> 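Got a structure for you, written out below as structure tokens; questions coming shortly.
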Amino acid sequence: MRINRLTSQFPDAVMVHTPVHVSWLDQVEIFFSIVQHKVITPHDFAGLDQDEDRLIAFERRHNETTRPFGWKFAPADLEDLMAGSSDTSRRSATPGSDHQPAPPPAVA
């Protein structure tokens with residue numbers, strides 16, 4: 001099995017199984033986009049030491065202030081969206097969320 005070979009070759013590696021329905025790379029891309037727009041821009045610094053200091057400061061602040069994202073789109077919302085239903089009475093909140101269903105789209 002590939003995982004066993006990998007584990008035996010790299011015993012300190014930690015295998016992390018990511019959900020198949022969500023791309024963890026999307027989260028990495030979002031983080032680097034934030035870094036690019038808020039921390040480092042081209043021709044912004046005189047040297048690598050200054051870049052490193054600014055990145056480390058951003059990482060510390062980001063880790064201190066970041067909070068989990070509360071997903072508010074319930075399976076029933078998706079079913080309604082796919083069915084084109086405007087019946088919001090079926091829509092239910094995801095357990096533990098403060099979900100408020102969006103109003104149905106206006107019909108022209």
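Computation of the quantities below employed the complete heavy-atom set of this structure, encompassing side-chain atoms and omitting hydrogens, waters and symmetry-equivalent molecules. The shown structure was predicted, so the numbers you read here are calculated from the model rather than taken from an experiment.
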> With a 4.5 Å cut-off on side-chain heavy-atom distances among I, L, V, M, F, W and Y, is there a chain of contacts connecting Val35 to Leu48?
no
> Would you compute the distance between atom CE of Met82 and atom CG of Asp77 and round it to the nearest 0.5 angstrom?
13.5 Å
> Can you give me every donor-acceptor pair (side chain of residues 1-9, partner residue at least two apart or in another chain, under 3.5 Å) with its distance?
unit_1	atom_1	unit_2	atom_2	d
Thr7	OG1	Ile3	O	2.8
Ser8	OG	Asn4	O	3.2
Ser8	OG	Arg5	O	2.9

> What donor-acceptor contacts under 3.5 angstrom involve side-chain atoms of residues 52-64, with partners at least two apart or in another chain?
unit_1	atom_1	unit_2	atom_2	d
His62	ND1	Thr66	OG1	3.3
His62	NE2	Thr66	OG1	3.3
Asn63	ND2	Glu59	O	3.3

> Crowded around Phe31 CZ? As in, over 12 foreign heavy atoms under 6.0 Å?
yes
